[in-house]
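To keep things clear, I will list the structure first and then write my remarks on it.
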Amino acid sequence: MRKVTKALVCIALAMAAAVMALSHAASVASAATKYDAALARWTKTESVKDDLGGMFTLKATLYTAEYIEALMQSEAEKNMWTASELEDYKYNFLKGLSLDDNIAVHIEVEELGPTAHMVPFDEKIAMWIGRTKYAPSDYDQRFNLPLQGKRDGMVFFPRYDEKTGKPLLNRKMSLRLVVNGAVSPIANNRELRFTWDVEAEDTPSAISGTAADRLEVDRLLRRMEILAAEKADLESQLEAKNAEIQEVNERIEELQNR
């Protein structure tokens with residue numbers, strides 16, 4: 001009787017485990033479906049073919065607040081993270097992207113045909129923010145290596161004006177990523193273009209939770225360091241000018257009293 005009971009318990013546990021597994025798989029699929037639209041909205045793909053059957057494909061994903069939020073929530077549901085675990089992961093993810101200082105774009109390239117030579121890559125890709133063209137502030141150096149097959153990496157563009165520190169995304173505008181056709185012989189100098197319409201509020205601070213706030217504090221502290229250094233330099237210049245003015249006044253008095 002005990003053996004029968006034990007067998008029944010084992011069967012019941014196995015059935016329960018199977019139900020839980022199916023339930024988890026269903027929830028993962030549901031989560032994927034829930035966030036797929038937001039994730040796909042910011043990913044664009046362009047392909048170019050030649051007469052010999054070669055193909056060059058470039059996929060660009062703009063890391064907007066909506067994209068990152070969907071990605072984080074999707075990962076949280078898949079991994080069953082707590083709220084604290086999600087915020088820590090989100091903070092480290094954003095910090096790794098340097099998203100507080102940069103506009104981040106993930107690039108995937110595939111060359112099926114003659115070798116692609118994309119060096120210097122930073123001269124073959126640019127971002128138009130409104131009517132102004134910007135070169136990458138940083139990028140994955142592997143894009144400079146000869147390519148056959150697939151490669152992916154990050155490309156970063158400035159988010160703030162270098163001189164004023166003001167955000168470049170200060171209103172609703174279009175971001176246009178332009179890739180020179182010289183990146184691949186298959187492209188035959190045909191320019192590849194990717195356009196996204198972005199809201200002015202699409203900044204790290206638009207991402208929910210405390211991670212974006214921590215990131216903004218990090219950026220403001222760095223900005224304070226720059227401003228403090230500039231202030232010290234200006235004060236030094238002012239001190240030098242005041243000393244020169246005093247010397248000129250003393251010389252004027254000396255000449256007038258002769």
Side-chain angles (χ1 to χ4, degrees), residues 32 35-71 96-99 101-162 167-200 202-203:
Y35 301 112
D36 277 353
L39 294 173
R41 189 167 13 258
W42 302 103
T43 298
K44 299 180 181 292
T45 304
E46 287 284 344
S47 294
V48 183
K49 296 180 180 179
D50 64 12
D51 296 335
L52 299 175
M55 185 166 66
F56 176 76
T57 301
L58 195 149
K59 181 191 290 185
T61 301
L62 180 66
Y63 276 48
T64 62
E66 182 189 31
Y67 179 87
I68 292 170
E69 191 67 51
L71 183 64
L97 285 177
S98 300
L99 206 65
D101 289 319
N102 299 289
I103 296 170
V105 182
H106 183 254
I107 299 291
E108 297 178 54
V109 288
E110 183 175 19
E111 176 78 356
L112 300 176
T115 303
H117 297 277
M118 301 187 288
V119 62
F121 190 69
D122 58 337
E123 294 181 11
K124 291 185 170 64
I125 187 168
M127 173 77 79
W128 286 84
I129 303 176
R131 297 181 179 180
T132 307
K133 181 180 179 181
Y134 294 89
S137 52
D138 197 9
Y139 65 98
D140 192 324
Q141 295 294 316
R142 293 178 301 160
F143 285 127
N144 285 326
L145 300 175
L147 172 66
Q148 278 192 330
K150 295 181 179 181
R151 185 169 299 152
D152 73 288
M154 299 300 302
V155 181
F156 301 98
F157 296 92
R159 181 178 289 275
Y160 298 90
D161 185 277
E162 186 177 3
L168 297 176
L169 299 177
N170 52 18
R171 56 186 172 80
K172 183 177 181 178
M173 58 178 62
S174 292
L175 299 186
R176 189 168 77 254
L177 183 72
V178 179
V179 180
N180 192 313
V183 292
S184 167
I186 296 174
N188 195 26
N189 291 319
R190 174 189 160 188
E191 219 173 50
L192 286 79
R193 299 185 178 189
F194 308 84
T195 303
W196 299 275
D197 293 324
V198 180
E199 301 289 339
D202 196 283
T203 64

* Asked: Does the side chain of Ile125 reach to within under 4.5 Å of the side chain of Phe157, using non-hydrogen atoms?
  -> yes

* Heavy-atom pair with the smallest gap, counting every atom of Thr43 and Trp196 -> N-NE1, 4.5 Å

* If every non-hydrogen atom of Leu145 is compared with every non-hydrogen atom of Arg151, which pair is closest and at what distance? -> O-NH1, 2.9 Å

* Structure fact -> Correct closest heavy-atom pair for Gly181 and Ala187 would be O-CB, 3.2 Å

* Asked: Which residues pass the ring pair (Phe, Tyr, Trp, His ring centres under 6.0 Å) test with Phe194, sequence neighbours left out?
  -> none

* Mind checking what makes side-chain contact (heavy atoms from CB on, under 4.5 Å) contact with Asp161, not counting sequence neighbours? -> Lys163, Thr164, Leu168

* To do: Just say parallel, tilted or perpendicular for the rings of Phe121 and Phe143, cut-offs at 30° and 60°.
  => parallel

* **Rounded distance [0.5 Å steps], CZ in Arg41 versus OG1 in Thr64** => 8.5 Å

For residues 105-112, please give each side-chain donor-acceptor pair under 3.5 Å, one per line with the distance, not counting sequence neighbours.
{"residue": "His106", "atom": "NE2", "partner": "Asp152", "partner atom": "OD2", "Å": "2.9"}
{"residue": "Glu111", "atom": "OE1", "partner": "Ser184", "partner atom": "OG", "Å": "2.9"}
{"residue": "Glu111", "atom": "OE2", "partner": "Ser184", "partner atom": "OG", "Å": "3.2"}

Output side-chain donor-acceptor pairs under 3.5 Å for residues 51-59, partner residues at least two apart or in another chain, one line each.
{"residue": "Thr57", "atom": "OG1", "partner": "Ser47", "partner atom": "OG", "Å": "3.0"}

* Those residues that, when tested against Val178, pass side-chain contact (heavy atoms from CB on, under 4.5 Å) (two or more places apart) -> Trp128, Arg176, Glu191, Arg193

* Worked check of side chain to side chain contact (heavy atoms under 4.5 Å, CB included) between Arg159 and Ile103 -> CA-CA 5 Å; Arg159 181 178 289 275; Ile103 296 170; 4.2 Å; yes

* List for me each residue that meets side-chain contact (heavy atoms from CB on, under 4.5 Å) alongside Ala182, sequence neighbours excluded, and say none if there are none. => Lys124, Asn180, Asn189

* Give, for atom CG of Asp122 and atom OH of Tyr139, the distance between the pair rounded to the nearest 0.5 Å. => 4.0 Å

* Nearest-0.5 Å distance that lies between atom CD1 in Ile68 and atom CG in Leu62 -> 9.0 Å

* To do: Any chance you could lay out the side chain to side chain contact (heavy atoms under 4.5 Å, CB included) test for Met154 and Asp140, step after step, and finish with the verdict?
  => CA-CA 6 Å; Met154 299 300 302; Asp140 192 324; 5.6 Å; no

* To do: Measure from the side-chain N and O atoms of Ser98 to the backbone N and O of Asp101, and report whether any donor-acceptor pair falls under 3.5 Å.
  => no

* **Separation between CE of Met173 and CG of Asp197, rounded to the nearest 0.5 Å** => 11.0 Å

* To do: Over all heavy atoms of both residues, which pair between Val183 and Ala116 is shortest? Give the atoms and the distance, please.
  => O-CB, 3.4 Å

* How far apart are the closest heavy atoms of Met118 and Asn144, and which atoms are they? -> O-OD1, 4.3 Å

* So which heavy atom on Thr195 is nearest to which on Ser174, and how close? -> CG2-CB, 4.2 Å

* Trace of the side chain to side chain contact (heavy atoms under 4.5 Å, CB included) decision for Ile129 with Tyr134 -> CA-CA 7 Å; Ile129 303 176; Tyr134 294 89; 3.8 Å; yes

